[in-house]
Amino acid sequence: MDEHYLPENVEEEAQKYWQENQCFEVSEDPKKEKFYCLSMFPYPSGKLHMGHVRNYTIGDALSRFQRMQGKNVLQPMGWDAFGMPAENAAIANQVPPAQWTYDNIDYMRAQLKRLGFAYDWQRELATCKPEYYRWEQWLFTRLYEKGLVYKKTAPVNWCPKDLTVLANEQVVDGCCWRCDTPVERKEIPQWFMKITDYAEELLADLDQLPNWPERVLTMQRNWIGRSEGVEIVFTVNDEPLRVYTTRPDTLYGATYVAIAAQHPLAMRAAESSTELASFVADCKVAAVSESAIETAEKLGVDTGLKARHPLTGELLPVWAANFVLMSYGEGAVMSVPAHDQRDYEFARKYSLPIKQVIRPADDSDIAIDECAYVDQGILQDSGEFTDRTSAEAFAGIADKLEQMGCGQRRTNYRLRDWGISRQRYWGTPIPIINCRDCGAVPVPDADLPVVLPEDVLVDGSGSPIKKMPGFYETTCPKCGAAAERETDTFDTFMESSWYYARFACVDNNEAMLDERVNYWLPVDQYIGGIEHAILHLLYARFYHKLMRDAGLVNCDEPFTNLLTQGMVLKDGSKMSKSRGNTVDPQALIDKYGADTARLFILFAAPPEQSLEWSDDAVAGAYRFLKRIWGLGVILENNWCIGHKGVKDQIPKTPYDWSGINAEQQSRRAKIYSLLQKANYDFSRNQFNTVISAGMQILNTIHQSAPGPKLFDNVSNTKIVKEEIIDRSIQHEGASILLRLLSPIVPHITHRLWKELKYGENILDADWPEVDESALVQDTVELIVQVNGKLRSKIKVAADAAPDEIEQQALADAKVANHVANKTVRKIILVPGRLVNIVV
RNA sequence: GCGAAUGUGGCGGAACUGGUAGACGCGCUGGAUUUAGGUUCCAGUGGGGUAACCCGUGGGAGUUCGACUCUCCCCAUUCGCACCA
C-alpha cells in the first residue's frame, strides 16, 4: 500500500473492478426489494457542469447506500438529446446537430465514468435515436385516436426580420436576441395535448405524494390553479360576451369590461376606429411570455361598445386591453376596480368609475381612494344582495344568474393545454400526414418511426426539414393521394416525460414498455433541480397517467420520493457562462480526483440548499481523504505487515471488551453515537452531517493511539490487554468509518476495505449497526437554566429521581447566586436534558 | 406583476418533535516539525468586558418558563411563469 494517497491510481483500480465484476448491472429479482433511483438525465450540452456533478453525486450516494441496505438497486443514465442548443451550435460551427450531440454524449459519458457513478450502463439511452422516439410517436397516434390531442391556433414569438419563431429565452427585452428587432406575436396552428382533461386528477393525486417537498406540491397546486367561480354572460348589441369570475359577489361593482385586442368584438370595432386599429396593431408587437405580459405597462382603448350588466341592466364601457389574451379563457374579463388591484390601477389611469360594493365585516376603515379592497366582506349597493356576506352573495348571485340563464357555476383551472408543436428541426417529427381531402392523418404503426434526417445543414433560416421534399413529400395513408408530412417537431419535454419508464426495458424493439416496468416502477427516488418543480414534473406525471390509461403501467404516480437539489453558486450567484463565474468540474477531477469532488459537493451544503463554491473547502475535503488514507497506512502497518517480526495482528472478532477502561468505553460510546446520528442523517439525505460524523469518528479513532508499545513490552501483560482493546476499538471504528463513507467516497473506501483485509468488496458488506450496549451511560449531564437562561451544568445519575435532580440543581453555586432572595415559582424538568428554575 | 422558497460568526454550514446557538469543515492567530515554501501535528478562535456578566440567528412586534425553531408585519436574495432544459 502506498504511503501517499494517489487518487488517480486508487480510482482507476476501483472503477476497473466494478466494471469487470458488473457490480451495477441489475435485472428483475422478485426475491429482493427493488429500489429505483433516478437522477434527471442531462441535456448533452458539451461537458458536465457543477450542477450535474451535484445532482449525480447525490443520486449515487443514495443508490450506493440503498444497495448496502441489501436492495436491488437500479440506477440508469441517459441523454435528453433533442433541443435548441444543438441547432445554435450547428449555426455557429457548421456541424450537423446530430454529430454535435453524439460527440458531446461521448465526452460526457467519459466524465460520468471518471466520477465513478454506479450506473447500469447497459440501459443507456439517447432520446434523439429513432428506437427511442418511435414509441413517443406511437403513443401520440394512440392519443390522437382517443381525442387527447388536437390542433388550434396559438401565439408564438415571431422575428419579422429573421423570419423565424423565437423561444421565450431568445426574446430579450421584447426584441430578437440575434438582430434586436422588436418581436411580434403571431398566431399559427399548433398541436396541443389535453392536459386539462387530467387537471383534477393531477391536483388530487398530489395528496398521494407525501414524500415530495411541500413547496413543490404547493407550486404544482397553484399552477393547476383550481377555482370555483361563475361564468357570467354580458350582452353587447344582444350578442353574448362571456366572462369568468371567482368573485360574483362583486358583480354590482363592475364598471367596465376588458377584452383582448384580438377579440372578435375589438377587431370589428377597429374597422371603424383608427385609434383602436392602431392599438390592436401595437398589441401584436409584444412577447408571449406571461412575465412579459404581466410586467408590461397596462394599456387600453375604449372600443365604444357597451356591455349590458346582467343584473342591473346598466351599460358598461368595453375596453380593449393588452393584458387580456384571446387564447386564455374567454378573452374577456369583467372589471371591478374597487375590489381588484389591477382593475383599480387601470381604472385610475383611464378615469373609469370605481364603485365600492364590499365593506369589511368588522367595520374597520378602508381607504378606497388609495387602493382596492380585495378581501371578502359585507355587500353594499348591491340591490337585493345588500348586507349579505360575500359567501352568501356568491351563492345568491350565482343562483340568480343561473335562473335568468345568463350565468353558470364553473370550476376553472389556470392550467392550460400543453402546446407540443415546435417549428424546429432537432426534435421528434410529429407523426401526422396532412392530406387535402382527409385532413390530418396519423402515420400508421407500420410506417413508424418517422425518422428525422440527421445529415443536414442548419443555417438559421428555419428548420431544414421544411425545405426537404424528400422528407415531407408522401402519400396519404387513407386515400393514397399525394400529401405532406407535418414538419413541426415535438416539444422536448415530451421525451423527458417518459424516459424513466423506458429505462426498465430499453432493449425492447417490439413495444414501448413491457412487464418489466411494473417491477421497477414507480421510481423510488427522483433527484433533480428545483427549477423543474413545475413543468417537467407536471408533464411527466401527466404522461404517466396517459400511459396508465393506455394499459402500459399500473401505478398512478411515477415518482414516490422527490429530492430537489439546490443550485451551485459562485460569489452568491448562479454559475453561468454569461456571468463568467463557472468552475469546470474536469479541472477539479484532474487535480484532486473523483472522491474529493464528491466529498466536497456533499459536504458543502445539504442537498436541497444552494451550494456556494469554494476552492479552499475543496482542499479541505482532499485533506480529509489524505487523513483517512494515513489512518489506513498506520493500521495496515500495525496489523497486516506485522511489527518486529510479529505477523497477522489483525484484531479478532467478535471483539473481547472485558477489562475495557472508562476512557475506552467512552470512546466506543462516542463512535456509536456518531454512527447513530449518521444513520439518521442518511435516512433524511443530509449527507453533509454524515460526513461531519465521519470526521469525528476518524478523530476519535486517532485518539486510540496505535502502539508499537505492544511489541516493545511483549512481556508486560497489563499493557498488552489495554493495547488489544485499543486496537479493537480502532479495528471496529475503521470498519464503521469505511462503510459509512463508502456511498460518498466509494473509491478510497473500496481500496482500504480490501487492504485492511475486512473483505473483498465493500459493496457487499453489511451496513454497520449500532451496538446499543456501547451507548449505555450511567451519568448524564443536564443544563440548568434560571428563567430560561443557561446558568450551570450538573452531572446526575441516569436514573436519578426528579426530586433529587431539583435539589442538586438548586444546590449548585452558580444557580444559588441567581436564585438568592427570590421565590422559586416553578421548576421545569425535561428528562435527560434540562432543569429550568422560574423565579 | 403572479406563485414558491431562503436569510445563523470572517466563510460553508450544525442545532432531532420549542430545551446548551455556532457541531463539522474552511479561514485566521500562536506553537512544534522542516534549510525555506508547502505538507503534517498541537492549541485558540461569535461580539463586548479584568471579571461577575451582558449582547447575539435579516429588521420589528407577539405567544411561551424557554424561540434559529411557532404567529403577524417589513426588508433583501434566489427559483418558476407554459418555446432554455
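Residue numbers start from 1 in every chain, and the chains themselves are labelled A, B, ... in the order their sequence lines are given, proteins ahead of strands.
For A:Arg623, a side-chain nitrogen or oxygen approaches OP1 or OP2 of B:G27 to under 4.0 Å. An OP1 or OP2 oxygen of B:A85 is reached within less than 4.0 angstrom by a side-chain nitrogen or oxygen of A:Thr492. Look at A:Gln686 and you'll find a side-chain N or O under 4.0 angstrom from OP1 or OP2 of B:A15. Contact between the side-chain N/O atoms of A:Gln609 and the OP1/OP2 oxygens of B:A14 is found at a separation under 4.0 Å. A close approach under 4.0 Å does occur between a side-chain nitrogen or oxygen of A:Asn688 and OP1 or OP2 of B:A14.
Nucleic acid contact for A:Arg825: none, since no nucleic acid atom lies under 4.0 Å from a heavy atom of the residue. Across all strands, A:Val156 comes closer than 4.0 Å to base atoms (heavy-atom distances). Using a 4.0 Å heavy-atom criterion, one finds that A:Ser614 contacts no nucleic acid atom at all. A:Ser421 comes within 4.0 angstrom of a nucleotide base, judged by non-hydrogen atoms across all strands. Contacts of A:Val165 with the nucleic acid, taken as non-hydrogen atoms under 4.0 Å apart, include base atoms. Across all strands shown, A:Ile691 has no heavy atoms under 4.0 Å from either base or sugar-phosphate atoms. Base engagement by A:His532 is indicated by at least one non-hydrogen atom pair under 4.0 Å involving a base atom. If you check every strand for non-hydrogen atoms under 4.0 Å, A:Tyr43 touches sugar and phosphate atoms only. Residue A:Arg215 is classed as a sugar-phosphate contact, given heavy-atom separations below 4.0 Å to backbone atoms only. Counting non-hydrogen atoms under 4.0 angstrom, A:Trp418 reaches nothing in the nucleic acid.
The gap from the P atom of B:G19 to that of B:G66 amounts to 14 Å, rounded to the nearest Å. Only the P atoms considered, B:C42 is 47 Å distant from B:C65, to the nearest whole Å. Rounded to whole Å, the separation between the C1' atoms of B:U63 and B:C73 comes to 16 Å. B:C24 sits 27 Å from B:U33 when the P atoms are compared, rounded to a whole Å. Taking atom C1' in both B:G7 and B:A51, the straight-line distance is 36 Å, to the nearest Å. Using atom P as the reference point in both B:C75 and B:U29, the two lie 41 Å apart (nearest Å).
Set against B:G3, B:U20, B:G27, the side chain of A:Asp616 has B:G27 as its closest nucleotide. Comparing B:G80, B:U20, B:C24 by their nearest atom to the side chain of A:Met695 picks out B:C24. Considering only the side chain of A:Ile828, B:C65 comes nearest among B:A21, B:A85, B:C65. In this structure, of B:G25, B:U20, B:A85, it is B:U20 that holds the atom nearest to the side chain of A:Ile783. You'll find that the side chain of A:Arg414 is closest to B:A82, out of B:C79, B:G25, B:A82. With distances taken from any side-chain atom of A:Met567 to the nucleotides B:A14, B:U78, B:A82, the minimum falls on B:U78. Between B:G1, B:C24, B:A85, one nucleotide has an atom nearer to the side chain of A:Pro85 than all others, and that is B:A85. Nearest to the side chain of A:Met84, among B:A82, B:A15, B:C84, sits B:C84.
A:Phe600 pairs with exactly one of A:Trp613, A:Tyr592, A:Tyr622, A:Phe624 by the ring-ring contact (aromatic ring centres under 6.0 Å, His included) rule, that one being A:Trp613. Screening A:Val784, A:Leu782, A:Ile794 for a side chain to side chain contact (heavy atoms under 4.5 Å, CB included) involving A:Gln808 leaves a single residue, A:Ile794.
Because its glycosidic torsion is within 90° of 0, B:G9 is reported here as syn.
No hydrogens or angles were tested; on distance alone, a donor-acceptor pair under 3.5 Å links the side chain of A:Asn836 to the base of B:C65. Side-chain N/O atoms of A:Gln785 and base N/O atoms of B:G19 include a donor-acceptor pair closer than 3.5 Å.
Surrounding NZ of A:Lys152 are more than 12 heavy atoms belonging to other residues, nucleotides or ligands, all under 6.0 Å away.
Applying the side-chain contact (heavy atoms from CB on, under 4.5 Å) rule to A:Lys47 yields the partners A:Tyr107, A:Gln111, A:Asp584; only residues at least two apart in sequence or on another chain are considered.
Using bins of under 30°, 30° to 60° and over 60° for the plane-to-plane angle, the ring pair A:His49/A:His52 lands in the parallel bin. A tilted orientation is assigned to the rings of A:Trp629 and A:Tyr5, their planes being inclined by 30° to 60°. Ring-plane geometry between A:Tyr43 and A:Trp100 is classed as tilted, the angle between the planes lying from 30 to 60 degrees on a 0 to 90 degree scale.
With hydrogens and angles disregarded, no donor-acceptor distance shorter than 3.5 Å links the side chain of A:Asn157 to the backbone of A:Ala287.
Per the geometry, CG belonging to A:Leu790 stands 13 Å off P belonging to B:A67, to the nearest Å. Distance A:Phe600 CZ to B:G27 P: 13 Å, rounded to the nearest Å. Distance NZ (A:Lys626) to C1' (B:C41): 13 Å, rounded to an integer number of Å. Rounding to whole angstrom units, CZ of residue A:Phe493 and C1' of B:C84 are separated by 8 Å. For the pair A:Tyr680 OH and B:A15 P, the computed distance is 8 Å after rounding to whole Å. Going from atom CG of A:Asp417 over to atom P of B:A82 covers 16 Å, rounded to whole Å. Rounding to whole angstrom units, CD1 of residue A:Ile293 and P of B:C81 are separated by 14 Å. Atom CD in A:Gln220 sits about 16 Å away from atom P in B:A82, given to the nearest Å.
You'll find the ring centres of A:Tyr526 and A:Tyr500 outside the 6.0 Å limit. A:Trp498 and A:Tyr132 have their aromatic ring centers within a separation under 6.0 angstrom. Ring pair A:Phe490/A:Phe82: centre-to-centre distance not below 6.0 Å.
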Would you write out the dot-bracket form of RNA chain B, 5' to 3', with Watson-Crick and G-U pairs under 3.5 Å, [ ] for crossing pairs, | for pairs to other strands and . for unpaired bases? (((((((..(((......[....)))((((((.......))))))(((....)))..(((((..]....))))))))))))....
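Mapped onto RNA chain B by nearest heavy atom, A:Ile188 and A:Met219 fall at different nucleotides, with A:Met219 at the one closer to the 5' end. Residue-to-nucleotide proximity on RNA chain B shows that, of A:Asn787 and A:Pro606, the 5′-proximal contact is made by A:Pro606.
Using modelled atom types and a 3.5 Å distance limit, the side chains of A:Tyr244 and A:Ser227 yield a donor-acceptor pair.
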Using a 4.0 Å cut-off on protein heavy atoms (strictly under), produce a 5'-to-3' string for nucleotides 42-54 of chain B with B for base contact, S for backbone-only sugar-phosphate contact, and - for none. -----------SS
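Contact annotation: the side chain of A:Lys677 never approaches that of A:Gln696 to less than 4.5 Å [non-hydrogen atoms, C-beta and beyond]. Using a 4.5 Å heavy-atom cutoff, the side chains of A:Leu588 and A:Val53 are not in contact.
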